[in-house]
Amino acid sequence: MTELKYDDKGLIPVVVQDWITNEVLMVAWSNAEAVELMKSTGYTHFWSRSRQKMWKKGEESGHVQKIKSIQSDCDGDTLLVRVEQTGVACHLGKPSCFDEVIYGDTEETMAILPDLKRVIEDRHANPSDESYTCKLFNDETRMCKKVIEEAGEFALAIKDKDKDEMAWELADLIYHTMVAIEKTGLPMSEVYKKLKERAE
């Protein structure tokens, strides 16, 4: 196992990601004691450079982070921690601390997936008669038919070698599949296990 390298202040940066979407939630610092607390308790602990004290994420807000895995980088001087986040990660009430775009845009990135997942979850928790997503939730047959329909249309777009149509239909397939995942409560962790088997 790689030996962790702490800086001259005894600290190591910790990147925290959502365990399902891989969304980066926050970056903080830990010392050796905090790292040991993470391993012994299963929840994230950090060292506050401003307050010069140890803190457990969510100890006051209740927005705790249950650790799924801890990895080190190849140099052993940075940690990647995947967590199951309760509530929001950012102290400003946002899901992620990385909310402001200061260069380029996120339109062509996977940033949309956690955002879309949150919208679908909200529609499930707060139903509306006007919402198409809610109509799918309320009609399982229609929901299943849409998954089949969009998969077929994606396949036809592949045959037609139409990249724009492929993108359109795949986006529809992903959205309708995400609705079905939310409706059924299918744990993505189980899906990831099956995918790992296929990668071996």
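The structure presented is a predicted model; accordingly, all values stated were derived computationally and were not measured. Position 1 is the first residue of the sequence, and the numbers go up from there.
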A side-chain contact here means heavy atoms from C-beta on lying under 4.5 Å apart; do [X] and [Y] qualify?
{"X": "Y43", "Y": "K66", "result": "yes"}
{"X": "D172", "Y": "W168", "result": "yes"}
{"X": "E165", "Y": "E153", "result": "no"}
{"X": "K183", "Y": "L136", "result": "no"}
{"X": "E182", "Y": "R123", "result": "no"}
{"X": "T41", "Y": "K56", "result": "no"}
{"X": "W29", "Y": "P13", "result": "yes"}
{"X": "L113", "Y": "I174", "result": "yes"}

Do the side chains of [X] and [Y] join up, straight or via other hydrophobic residues, at under 4.5 Å, putting them in one cluster?
{"X": "I67", "Y": "V27", "value": "no"}
{"X": "W19", "Y": "M38", "value": "no"}
{"X": "I181", "Y": "L116", "value": "no"}
{"X": "M166", "Y": "L156", "value": "no"}
{"X": "M143", "Y": "Y132", "value": "yes"}

* Measure the CD-OG distance between E33 and S40 for me, rounded to the nearest 0.5 Å. => 9.5 Å

Considering all heavy atoms of both residues, which atom of [X] and which atom of [Y] are nearest to each other, and what is their separation?
{"X": "Q17", "Y": "N22", "value": "NE2-O, 3.0 Å"}
{"X": "L173", "Y": "T177", "value": "O-OG1, 2.7 Å"}
{"X": "C134", "Y": "P127", "value": "SG-CA, 3.6 Å"}
{"X": "V147", "Y": "A180", "value": "CG2-CB, 4.5 Å"}
{"X": "I12", "Y": "G76", "value": "CD1-O, 3.8 Å"}
{"X": "T86", "Y": "G62", "value": "CG2-O, 3.6 Å"}

Might you confirm whether atom [atom1] of [X] has over 12 heavy atoms from other residues, nucleotides or ligands at distances under 6.0 Å?
{"X": "M188", "atom1": "CE", "answer": "yes"}
{"X": "Q52", "atom1": "CD", "answer": "yes"}
{"X": "D160", "atom1": "CG", "answer": "yes"}
{"X": "E59", "atom1": "CD", "answer": "yes"}

* Asked: What orientation do W55 and F46 show, parallel under 30°, tilted 30 to 60°, or perpendicular over 60°?
  -> tilted

* **NZ/NE/NH1/NH2 to OD/OE distance under 4.0 Å, E150 and K146** => yes

* To do: Give the intermediate values and the outcome of side chain to side chain contact (heavy atoms under 4.5 Å, CB included) for residues L79 and L4.
  => CA-CA 9 Å; L79 294 180; L4 297 184; 3.7 Å; yes

* Partners of T184 by side-chain contact (heavy atoms from CB on, under 4.5 Å), sequence neighbours excluded? -> L186

* Please walk me through it: do E200 and K196 pass salt bridge (charged side-chain N to carboxylate O under 4.0 Å, His left out)? -> CA-CA 7 Å; E200 292 174 348; K196 184 173 181 0; 3.1 Å; yes

* Have a look at E23 and tell me which of Q85, R118, K117 forms a side-chain contact (heavy atoms from CB on, under 4.5 Å) with it. => R118

* Per the side-chain contact (heavy atoms from CB on, under 4.5 Å) rule, which among V83, V15, V81 passes with L25? -> V83

* To do: May I ask you to decide if A89's main-chain N or O and K57's side chain share a donor-acceptor pair within less than 3.5 Å?
  => yes

* Go through E36 and H45 one step at a time and tell me if the side chain to side chain contact (heavy atoms under 4.5 Å, CB included) criterion holds. => CA-CA 9 Å; E36 288 307 310; H45 287 73; over 6 Å; no

